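Heads up, the thing below is written out as structure tokens.
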Amino acid sequence: SGDGGGERTENVELTVMAAASLTDVFTEIAESFEEEHPEVTVVLNFAGSGELAQQIASGAPADVFASADTTTMERVVEAGDLDADWAAEHGEEGLVFATNTLMIAVPPGNPAGVSSLHDLTSEDVSTAFCADEVPCGTATGIALEAAGLEVAPVTLEEDVRAVLTKVELGEVDAGLVYETDVISAGDRVKGIGFPEAKEALNEYPIGVLANSESPERAAAWVDFVTGQGAPIMREAGFGTP
Amino acid sequence: MTAPTPRVGRGPSGNGTARVPWVLVLPALIGLLFLLLPLVGLLVRAPWATMGRRIVDPDVLTALWLSLSTSTAATLVSLVLGVPLAWSLARTEFPGRRLVRALVTVPLVIPPVVGGVALLLVLGRNGIVGQYLYSWFGLTLPFTPAAVVVAQVFVAMPFLVIGVEGALRGADRRYEEAAATLGAGRVTVFTRVTLPMILPGIGAGAVLCWARALGEFGATITFAGNFPGTTQTMPLAVYMAMQRDPEAAIVLSLVLLLVSLAVLATLRERWMSV
Amino acid sequence: MTAPTPRVGRGPSGNGTARVPWVLVLPALIGLLFLLLPLVGLLVRAPWATMGRRIVDPDVLTALWLSLSTSTAATLVSLVLGVPLAWSLARTEFPGRRLVRALVTVPLVIPPVVGGVALLLVLGRNGIVGQYLYSWFGLTLPFTPAAVVVAQVFVAMPFLVIGVEGALRGADRRYEEAAATLGAGRVTVFTRVTLPMILPGIGAGAVLCWARALGEFGATITFAGNFPGTTQTMPLAVYMAMQRDPEAAIVLSLVLLLVSLAVLATLRERWMSV
Amino acid sequence: MAAREPRTPLDPAPTSDGGLDADLRLSRGTFTLDVRLTCPPGEVLALLGPNGAGKTSVLRALAGLTPLSDGHVFLAGEDLTTTAVEHRPVGVVFQDYLLLPHLSALDNVAFGPRCQGAGRTEARRLAMELLEQMGLAEYASARPRRLSGGQAQRVALARALAVRPGLLLLDEPMAALDIGTRATVRSRLRHLVEGFEGATVLVTHDPLDAMVMADRIAVIEDGRLVQEGSPAEVARRPRTSYVARLVGLNLFRGEASGTTVTLEGEDGRGPVRVEAGDGHRGPALVAFPPRAVALYRESSGGSPRNAWRLTVAGVERFGDQVRVLLEGGLSLAADITPAALAELALTRGSEVWAVVKASEVECYPD
Amino acid sequence: MAAREPRTPLDPAPTSDGGLDADLRLSRGTFTLDVRLTCPPGEVLALLGPNGAGKTSVLRALAGLTPLSDGHVFLAGEDLTTTAVEHRPVGVVFQDYLLLPHLSALDNVAFGPRCQGAGRTEARRLAMELLEQMGLAEYASARPRRLSGGQAQRVALARALAVRPGLLLLDEPMAALDIGTRATVRSRLRHLVEGFEGATVLVTHDPLDAMVMADRIAVIEDGRLVQEGSPAEVARRPRTSYVARLVGLNLFRGEASGTTVTLEGEDGRGPVRVEAGDGHRGPALVAFPPRAVALYRESSGGSPRNAWRLTVAGVERFGDQVRVLLEGGLSLAADITPAALAELALTRGSEVWAVVKASEVECYPD
Ligand SMILES: Nc1ncnc2c1ncn2[C@@H]1O[C@H](COP(=O)(O)OP(=O)(O)OP(=O)(O)O)[C@@H](O)[C@H]1O
Ligand SMILES: Nc1ncnc2c1ncn2[C@@H]1O[C@H](COP(=O)(O)OP(=O)(O)OP(=O)(O)O)[C@@H](O)[C@H]1O
Ligand SMILES: [Mg+2]
Ligand SMILES: [Mg+2]
């Protein structure tokens with residue numbers, strides 16, 4: 001990769017670390033970005049937000065970090081890994097570029113006849129949630145609190161994808177996942193919206209990293225995601241601020 | 001051959017004490033260092049100040065107990081099923097044996113998460129076999145401690161099978177013949193002769209199997225889910241902690257490590273030094 | 001003893017053909033079935049229609065090649081470092097050997113993701129050792145194919161070490177003594193006598209090691225990252241596919257499986273049937 | 001040589017009731033075995049033969065450890081040809097003992113009775129009894145690794161006896177035994193065998209063992225039976241040079257015509273005549289013991305009708321005797337006293353007259 | 001018995017130049033070994049002793065495989081006491097051969113030369129030569145598993161010789177050999193040893209091997225040296241009943257007073273007197289060969305001065321001789337001809353007169 005400056009005309013790599021749930025959209029956005037900036041090759045590194053934060057803390061050579069939740073971004077900020085100049089301009093806690101709302105996902109045919117959040121409290125409905133430690137779990141907690149409901153899930157999954165798998169295979173009768181997941185799963189699950197979801201918006205912050213060898217290009221990527229990328233995000237089911 | 005002049009003294013005759021064979025000891029040291037350095041990293045990074053408090057957390061103890069009991073159960077199941085399987089692969093001839101031998105390694109190569117999915121496809125509520133378990137006996141395996149054991153057996157048993165098979169192939173079969181002439185049938189030969197003779201190999205295999213089961217994550221979380229007290233084993237707890245608080249994850253890992261080291265240091269020397 | 005009346009015929013004398021020892025064959029069959037049923041589940045669920053198209057995807061081939069080459073490299077490194085380590089544990093006496101033997105199992109028990117973190121703590125650019133690698137040689141290990149190999153060696157080498165140690169303990173040491181009287185030093189005894197005699201055990205250990213390296217996910221994604229073409233091995237590709245399209249993940253897993261089965265069916269029968 | 005007659009299906013196996021009747025044909029690599037053996041009940045058959053002749057292969061085949069390609073094994077009228085190893089009423093002492101390394105000497109011996117359903121205590125009691133008889137009581141709890149070679153062999157012997165076999169197979173059971181133990185074990189075996197109703201096949205290299213213990217001797221060479229008979233018969237009338245060396249006779253092959261046998265001379269020296277004690281016509285073997293050979297510096301015109309001028313090829317002393325090896329036309333050995341040796345002043349290359357009385361020379365059809 | 005004199009530091013090891021001088025003390029479990037052996041260069045020391053006496057332990061200690069707890073090993077003036085096994089110029093034939101199972105016979109033999117730095121071709125050529133001399137050329141490429149017991153043992157022998165050892169250690173190298181091979185190997189070994197400058201220690205159970213091959217014989221029992229001497233000395237004047245049986249003599253311990261020796265009678269029958277050929281005073285041993293014993297139904301008043309009335313305890317035939325075991329006051333063996341046996345009509349329990357000429361009885365200090 002380039003050795004500083006970033007003023008070279010030859011090909012430059014831009015490394016973006018992004019939460020796994022952004023795989024589809026970022027892959028698409030990166031293609032558009034490369035069309036507009038032919039000198040740049042975007043290298044995407046997807047993993048769980050927590051693992052990415054760990055890699056950044058260990059000095060990973062990355063330019064941009066897009067987290068699936070604000071908590072993880074806070075950890076990166078605390079460690080001083082965000083580019084100071086960029087942060088001063090766009091926000092100390094990163095820039096929220098997308099939101100995601102929860103939906104109830106049920107297997108096709110909805111065997112348990114779920115139609116509302118309240119139905120999940122029934123003993124006969126087995127439910128899968130995200131674990132409290134991961135962003136969708138936090139959101140789930142907030143939504144349930146807002147609805148004033150107590151639900152006993154059979155499992156607390158490590159990520160939203162795992163919840164979706166259980167629903168798809170019919171192992172549980174319902175699960176709380178993001179709207180984006182319901183969309184990507186096509187007709188393998190059926191999504192059911194519920195009003196309390198608005199209380200529990202999950203926010204995706206993005207930021208330029210202190211380690212970046214070309215903060216300008218990194219900033220350009222962030223701009224591109226929030227600008228031209230927004231329609232792509234919305235198409236996938238994300239909300240954009 | 002005409003009468004040879006005998007050699008007296010051979011090579012640069014040593015002064016007596018056997019020299020250290022560096023060609024062997026050096027790589028061994030490097031290997032050991034490499035395996036242990038990361039542990040040092042964890043120890044350095046561990047939040048010693050808050051350590052005590054974190055460890056006595058009842059949730060941690062629950063997860064630890066679940067881990068130990070399920071992985072021990074998985075090892076026992078693996079021994080019961082895997083040792084005969086290894087024996088069949090090493091001591092009998094049947095068509096397609098070569099393929100079967102390779103197939104045994106399937107769970108090793110499959111990414112554990114996919115393995116978990118595969119288990120769901122077969123043993124889940126709507127699975128190929130699971131649907132009958134459900135409709136006939138009202139049994140659902142996923143989300144129970146039994147599912148944890150199943151996932152661990154699936155992932156860890158091949159280690160036992162392959163290890164034991166290697167030991168069987170290395171064993172001298174003439175002792176088995178001798179036992180047969182004394183009237184021992186194949187089963188008696190197996191239990192009274194073969195088994196005791198390959199005990200070090202079985203010990204090694206069981207250690208691998210137990211350790212692999214203890215560290216199992218992907219298949220467990222996919223097939224058995226993650227519910228504290230029921231299916232949340234230590235690795236799952238570690239992963240969850242990792243999401244929020246990497247230091248807590250390190251503490252949990254160290255706990256897991258300490259316990260397993262204690263178990264292994266106690267058991268292994270006894271098992272393996274036959 | 002006064003002249004005994006000899007027995008003629010023993011037990012319910014067989015009509016000749018050795019009966020099948022069900023006590024052994026039955027658990028073996030159950031074990032095999034258990035290991036293979038999930039594979040059947042995957043095969044049933046696989047999207048056969050689109051299979052061909054998905055497989056020839058160049059990204060898949062890149063990941064596959066990376067997986068095969070890194071896990072083979074990891075196995076070679078493990079052999080070079082691990083076999084001497086196993087030898088040291090089995091054939092030499094040193095203080096604390098018992099503890100060291102248990103410590104070798106550390107990477108087995110540590111959840112791989114934590115293992116990856118530990119590797120970062122030690123070999124990362126700010127790590128205990130890594131910072132010197134960086135400031136002295138300008139080397140950064142993480143996020144390179146070398147890091148993939150390091151992660152795999154860390155996770156897979158213990159399988160080799162423990163397997164080979166078991167084989168060493170099961171071997172008859174008197175052959176080593178005989179070789180020593182012929183003038184063979186410890187190293188020669190090791191290479192020309194011990195090694196060939198425990199070849200089946202080493203074969204089994206290497207198979208375990210290779211398979212474990214091939215399936216390695218957690219430590220790799222943490223320590224080496226997930227860069228297509230550089231560090232994205234098949235299990236990582238499977239993980240990514242899982243995020244958007246579980247069926248694609250199944251296809252990738254089946255590809256990985258097929259290739260490893262082919263490799264193992266070819267190599268193993270040759271290695272292990274000494 | 002016992003000629004093999006192919007048996008037709010109409011001619012069922014001639015089972016010597018209670019005894020062993022085996023027709024063994026098999027191949028191991030390039031080696032092929034084709035041997036027919038019988039042993040009446042209660043008798044001991046000694047199996048002799050040079051290294052690699054197939055003695056161990058015979059025992060393995062009888063025990064069922066090496067499958068036959070053709071032939072049969074009958075014991076006490078029962079067809080064991082396809083019986084599994086563990087169901088054959090056979091006790092085996094292996095050439096390299098094969099004591100189970102993880103069991104004590106006692107448990108090795110108790111192993112067989114246990115397999116036959118004896119209780120733990122009962123089996124151990126029997127085993128202890130046998131060990132005591134072998135003089136090994138104090139090693140009962142020792143692992144095989146801690147036993148000396150001879151101790152291990154005796155434990156192996158006890159182990160084979162412990163299953164009360166109908167057929168006892170012994171592969172050089174005395175090779176590693178010291179002279180005292182050997183006498184004890186030999187007499188113990190003989191004693192056992194005397195009241196034993198089963199058959200015993202004993203492989204040994206020691207002619208003394210064979211002579212003392214065996215009722216019949218079978219000699220195999222290169223996978224084929226070359227001689228069979230009572231010890232006395234074999235000792236008096238060896239049919240091959242291996243057997244002759246075994247029983248310590250000088251043996252020659254020739255053409256008899258009355259009491260004169262014409263041998264082809266060695267070293268291209270032309271035919272040699274031997275006068276024998278009894279007459280015969282046609283291809284014949286002649287044999288005489290080394291001690292029947294007298295050596296003289298000068299030809300003497302006495303009564304012995306055989307006198308050959310030969311060269312000394314070597315001198316070996318053993319015990320209180322000296323054996324002189326002679327060659328030149330005939331290769332033979334002569335046993336003389338050290339005093340005679342000194343008197344004759346024989347060294348390598350000396351020429352002597354070897355004289356043998358015709359009455360000492362056995363002649364029998366080839 | 002060779003009494004052990006503790007050596008002071010002022011009295012350095014009397015290294016028999018070029019030869020072996022070993023003082024071996026060690027314990028293995030409950031067994032302790034304490035033996036002092038010397039063997040001049042170019043000579044063969046035969047080590048005899050009952051099973052479990054410690055012969056193999058001696059060889060292991062000499063080879064450096066079992067560490068000494070005390071003592072020393074000097075060879076050709078060089079102190080090998082602490083030399084590592086692989087640096088000792090020693091060739092060993094193990095009692096159970098221990099051929100490397102993964103190497104062909106040829107490579108087993110070539111192993112030693114290779115370790116000593118010979119090239120692959122050179123080592124193989126030497127190995128092939130040795131195998132040919134052992135008559136095993138056709139088995140060069142065979143794995144040990146495919147060899148018969150005797151073939152394996154010869155390969156082991158070739159392997160030990162291939163390292164051109166300064167000290168050759170042979171643990172029953174002929175036990176599994178057939179009679180023909182045995183003669184060949186024996187003469188080959190002797191031939192080798194004749195021009196061989198090193199020392200050879202040979203463990204054997206066969207007195208014939210010991211007599212033919214050894215320059216000196218050492219007998220150990222229960223880890224201690226009980227007799228040492230030339231074969232003739234040992235054969236004529238055994239000091240223990242084991243040695244007496246080995247060389248085939250009747251041996252008794254008593255008190256000499258002139259040519260009369262008084263033995264303690266067995267079975268509480270009171271003392272027995274024996275007239276010997278030569279006189280002596282004090283504790284003494286008397287020995288005579290079984291063939292010197294004549295048996296009579298009736299007491300005859302002839303010249304022999306020893307005549308005892310004894311009971312027949314057993315009869316063994318071997319070869320063309322019959323051995324009668326007698327007891328009752330004295331236990332001894334008598335060798336007679338089958339004809340004599342028939343004439344005397346002896347069976348177990350018969351009473352006979354055993355008569356021995358005084359000139360046949362050796363008497364020597366205990
Ligand atoms: N590894 C061992 N540990 C303990 N005791 C042993 C060991 N090996 C041998 N012994 C004991 O040491 C004694 C001497 O054994 P050794 O093998 O030297 O006898 P040996 O004279 O060679 O006998 P043999 O003629 O039967 O081969 C025996 O009593 C044996 O039981
Ligand atoms: N497993 C095998 N595979 C191939 N050939 C073998 C095998 N075992 C033995 N042989 C060969 O078969 C022949 C007979 O062997 P066997 O062991 O029966 O001889 P033996 O008469 O017992 O000899 P010894 O007196 O030396 O023990 C030998 O030439 C040997 O090389
Ligand atoms: Mg044999
Ligand atoms: Mg011995």
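No experiment lies behind these values; they were computed from the predicted model shown. First the proteins, then the strands, lettered A, B, ... as listed; each starts at 1.
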- Query: Does the side chain to side chain contact (heavy atoms under 4.5 Å, CB included) test come out yes or no for E:Arg154 and D:Asn51, once each step is laid out?
  - Reply: CA-CA 10 Å; E:Arg154 275 184 283 160; D:Asn51 292 135; 3.4 Å; yes
Smallest heavy-atom separation, D:Gly52 atom then E:Ser148 atom, equals N-OG, 3.2 Å
Among E:Ala176, E:Gly314, E:Gly54, the residue with the most heavy-atom pairs under 4.5 Å to chain D is E:Ala176
From the list E:Leu246, E:Thr56, E:Asp96, the residue making the most non-hydrogen contacts under 4.5 Å with chain D is E:Leu246
Assert top hit (heavy-atom pairs under 4.5 Å, partner chain D, pool E:Ala53, E:Ser57, E:Gly150) equals E:Gly150
Rounding to 0.5 Å, atoms NE2 (E:His205) and CE (D:Met174) come to a distance of 13.5 Å
Okay, D:Glu172 and chain E: the region with an atom under 4.5 Å from a heavy atom over there is side chain
If one checks every heavy atom of E:Gln95 against chain D at 4.5 Å, the contacting part turns out to be side chain
Turns out that what part of D:Ala235 lies under 4.5 Å from chain E's heavy atoms comes down to neither
